[in-house]
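Scroll down for the structure; my scribbles are underneath it.
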Amino acid sequence: MSARILHIAKNTFREAVRDRVLYNLIAFALLLSGAAILVSQISIDIERLVVVNLGLTAISLFGVLIAIFIGIGLVSKEIEKRTLYTVLSRPVRRWEFIVGKFFGLAGTLVVNTLFMAIGVFGALLYVAHRFSRPDAWIFVALYFIILEFLIICSLSLLFSSFSSPLLSAVFAFSLFVIGSFANDLRGFAGVAHGFTRWFATAAAYLVPNFSTLNVISAVAHQQPLGAHLILQNTLYALFYTVAAMSGAVLIFERRNLK
Amino acid sequence: MAAIEILGLEKTYMVGFWRKRPKRALEPLHLTVDEGEIFGFLGPNGAGKTTTLKLLMGLVFPTAGSARILGREWTDPQIKAQIGFLPEQPYFYDYLTAHELLDYYGQLSGVSAPDRRHRIPEVLSHVGLTDVKGIQLRKFSKGMLQRVGIAQAILHNPRLVFFDEPMSGLDPLGRREVRDLMEQLKREGKTVFFSTHILSDAEALCDRVAIIHKGMLRSVGAIEELTSTVQGKVEVVWQGTNVPAGVRVLSADCHVTGDTVRGIINENQQDAAIDALRRERMRLVSITPLRTSLETYFVEKLQVRCESTSENTVGAAAGTRV
Ligand SMILES: Nc1ncnc2c1ncn2[C@@H]1O[C@H](COP(=O)(O)OP(=O)(O)OP(=O)(O)O)[C@@H](O)[C@H]1O
Ligand SMILES: [Mg+2]
């Protein structure tokens with residue numbers, strides 16, 4: 001990786017920190033500690049279930065929102081404000097800029113997720129008083145959540161490279177919602193007929209499959225996950241991210257700046 | 001070697017939201033700038049100056065044509081380390097301080113960490129920004145941002161700098177400092193290419209200028225070549241409050257301001273005018289060959305009215321420069 005990509009990524013991270021993105025951690029902490037205190041008082045056996053479910057779902061949702069709302073502005077805002085002029089007039093290739101931005105946002109999300117994960121394990125310790133072996137699967141769930149973020153970052157960047165922030169947000173958010181039901185969509189495609197079947201099949205395979213990446217409920221119920229799922233999800237996320245990033249680079253390479 | 005060779009760059013924008021129609025911003029432009037020159041790129045608003053600079057920087061893509069910068073193809077990323085660019089109305093990451101911004105830009109331009117450490121305070125003081133440590137750029141005034149823009153353009157010690165309206169937004173002192181800075185760059189053997197519509201700056205600084213209007217190159221050359229078009233006229237200035245009859249008969253075009261009078265007469269009547277002034281015991285101040293100013297050139301040749309803005313676009317070139 002070229003040093004320039006690293007510098008751009010670091011600056012993107014710094015921007016997110018200075019724009020107080022990490023303040024979402026406060027909301028997350030309040031939510032999680034409130035829930036932990038509440039369930040530890042009222043229930044007998046489901047504390048762990050509630051904390052893991054709620055904690056991981058919140059991590060995923062907070063992160064997706066951050067990925068979309070920062071991601072859609074990463075390129076278009078720099079074009080709009082013309083901060084790009086003095087960057088691209090340096091020995092920076094356009095693709096390096098896009099890739100640097102991507103790593104900056106992904107890094108922001110990983111750091112954010114790490115803090116939140118510490119919170120989840122803390123809450124877990126608070127309600128269950130000790131860790132058990134199946135808790136290790138939480139790491140896999142977190143890993144999948146980060147894979148999900150990578151896909152969303154790349155899609156937001158892709159949209160950001162050709163459309164306005166508002167439209168990009170709409171596109172990215174719709175894809176997130178549809179992608180979360182990708183397996184249902186595949187099921188529907190299997191039973192539909194004619195044009196609908198054709199359309200649903202195409203859509204089911206084009207949208208990012210977030211349902212397979214979501215193992216929160218399995219982990220909360222202490223079900224083990226197969227190694228091949230980890231491999232399959234890793235390859236899928238990498239492939240999807242690289243494809244979306246290539247699209248973003250191809251569009252941005254040809255773009256006239258305002 | 002030529003620092004910049006523009007080989008027929010042209011740009012047509014597509015404008016309109018629904019039905020796109022072409023808008024010609026730059027006709028095919030051919031222009032060569034030599035190394036070590038201060039070159040002025042002049043033209044009224046909307047002439048195509050910024051468009052040319054954006055094309056050269058690779059920020060927009062030309063409809064046709066190409067260019068060479070410092071002997072290489074203009075799209076070659078390697079030349080970017082050797083050029084500096086100040087955009088029009090520059091804007092930067094406003095969450096950074098000036099030091100952080102320059103540090104980041106230095107990294108992108110491949111300036112080593114020790115070099116950055118001594119170079120950043122140096123360029124900041126060079127552009128007159130000394131007390132800005134710890135202040136985010138969002139709190140900078142327009143003129144301060146302009147100064148940061150100049151600082152980032154010269155930070156990595158480039159061989160060639162492109163300034164798009166370097167004086168805009170600067171106070172008189174700032175303009176003077178930028179002028180000195182450009183002259184210093186020239187002394188260091190650098191090439192300066194700058195766009196402006198402040199004619200006095202061009203007259204004071206440039207080895208050569210190009211004049212562009214409506215996307216078309218109108219003329220290129222040294223200022224004297226462009227402005228020495230009034231043949232056989234001189235301007236006579238003397239102290240007094242009236243025009244003696246002996247001068248008046250020479251059909252002089254005279255203006256009285258305070259206790260000085262300026263008259264424009266034919267060169268061959270110069271002696272007669274001096275005699276007339278002597279007879280009246282008036283003190284002669286100067287006699288100089290008359291040149292059209294760049295301003296006159298603008299107004300007459302381009303048939304444009306240069307908007308007189310607060311930047312003193314026209315007034316600074318003050319009528320007849322002698
Ligand atoms: N992105 C764009 N889309 C469409 N037309 C444009 C665009 N940018 C510039 N133009 C047009 O190109 C022409 C030249 O503009 P340019 O900005 O190069 O002028 P300029 O010489 O820099 O003027 P000024 O002195 O006002 O800065 C103008 O007519 C302008 O309307
Ligand atoms: Mg301009």
Side-chain angles (χ1 to χ4, degrees), chain A residues 1-23 70 73-101 103-104 108 162-164 167 249-258, chain B residues 11-14 25 50-51 53-63 75-97 100-112 136-138 145 148-153 155-156 158 161-162 164:
Chain A
M1 196 161 82
S2 93
R4 288 184 295 270
I5 294 178
L6 200 68
H7 296 311
I8 294 169
K10 275 200 253 175
N11 190 50
T12 308
F13 180 80
R14 178 161 60 179
E15 174 172 13
V17 172
R18 299 217 174 151
D19 283 347
R20 309 194 166 85
V21 168
L22 298 182
Y23 278 21
I70 300 186
L74 278 185
V75 178
S76 51
K77 198 175 80 193
E78 296 230 2
I79 293 179
E80 202 53 39
K81 289 191 165 178
R82 296 181 289 119
T83 43
L84 255 177
Y85 285 14
T86 39
V87 172
L88 292 185
S89 57
R90 296 181 187 279
V92 175
R93 326 257 166 115
R94 289 189 175 205
W95 69 263
E96 291 175 331
F97 177 77
I98 294 279
V99 173
K101 282 274 157 188
F103 281 116
T108 310
F162 67 86
S163 79
S164 71
L167 273 182
V249 167
L250 279 179
I251 293 169
F252 188 60
E253 289 277 356
R254 281 162 183 70
R255 235 190 114 158
N256 282 314
L257 302 190
K258 189 178 71 115
Chain B
K11 181 67 187 175
T12 304
Y13 284 109
M14 298 307 283
T50 300
T51 302
L53 285 167
K54 280 159 81 175
L55 285 168
L56 287 173
M57 292 301 117
L59 300 172
V60 297
F61 297 105
T63 311
T75 45
D76 185 341
Q78 283 192 358
I79 53 156
K80 295 277 179 69
Q82 302 181 39
I83 63 181
F85 174 49
L86 165 74
E88 188 174 50
Q89 298 163 7
Y91 192 81
F92 306 103
Y93 301 107
D94 56 13
Y95 52 91
L96 299 179
T97 66
E100 288 168 338
L101 182 88
L102 294 182
D103 197 52
Y104 176 45
Y105 280 172
Q107 290 172 336
L108 293 183
S109 287
V111 182
S112 70
Q136 289 189 346
L137 292 169
R138 68 177 94 232
L145 280 179
V148 174
I150 294 166
Q152 62 82 32
L155 171 70
H156 46 295
V161 291
F162 296 89
D164 199 352

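Protein chains get the first letters and strands the later ones, always in sequence-line order, with residue 1 at the start of each.
For A:Arg254, the part lying near chain B is the backbone, with the side chain staying farther off; criterion is any non-hydrogen pair under 4.5 Å. In this structure, no portion of A:Lys10 lies under 4.5 Å from any heavy atom of chain B. For a residue to count as touching a neighbouring chain, one of its non-hydrogen atoms must lie under 4.5 Å from one of that chain's; by this rule A:Arg93 touches chain B with the side chain only. Looking at B:Asp94, the atoms closer than 4.5 Å to chain A (heavy atoms on both sides) all sit in the side chain, from C-beta outward. When heavy atoms are compared at a cutoff of 4.5 Å, B:Leu56 does not approach chain A at all.
The two residues A:Arg255 and A:Arg94 have their closest heavy-atom pair at O-NH1, 2.6 Å. Taking each heavy atom of B:Tyr13 and B:Val60 in turn, the nearest pair found is OH-CG1, 4.1 Å. Considering every non-hydrogen atom in both B:Pro90 and B:Gly149, the closest pair reads CG-CA, 4.4 Å.
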From CA spacing to verdict: side-chain contact (heavy atoms from CB on, under 4.5 Å), B:Leu96, A:Asn11: CA-CA 9 Å; B:Leu96 299 179; A:Asn11 190 50; 3.8 Å; yes
Criterion side-chain contact (heavy atoms from CB on, under 4.5 Å) on B:Tyr105 and A:Arg90, from CA distance to verdict: CA-CA 8 Å; B:Tyr105 280 172; A:Arg90 296 181 187 279; 3.5 Å; yes
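Between B:Tyr104 and A:Ile8, the closest side-chain pair of non-hydrogen atoms falls below 4.5 Å.
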Tell me which donor-acceptor pairs under 3.5 Å the side chains of residues 80-88 of chain B have, and how far apart each pair is, sequence neighbours excluded?
{"unit_1": "B:Lys80", "atom_1": "NZ", "unit_2": "A:Leu88", "atom_2": "O", "d": "3.2"}
{"unit_1": "B:Gln82", "atom_1": "OE1", "unit_2": "B:Arg159", "atom_2": "NH1", "d": "2.8"}
{"unit_1": "B:Glu88", "atom_1": "OE1", "unit_2": "B:Thr50", "atom_2": "OG1", "d": "3.2"}
{"unit_1": "B:Glu88", "atom_1": "OE2", "unit_2": "B:Thr50", "atom_2": "OG1", "d": "3.2"}

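For residues 73-82 of chain A, heavy-atom neighbours of chain B at less than 4.5 Å comprise A:Glu78, A:Lys81, A:Arg82, sorted by residue number.
Remark: A:Arg14 is not positioned above the aromatic ring of B:Tyr95, lacking an NZ or CZ atom under 6.0 angstrom from the ring centre and at most 45 degrees off the axis.
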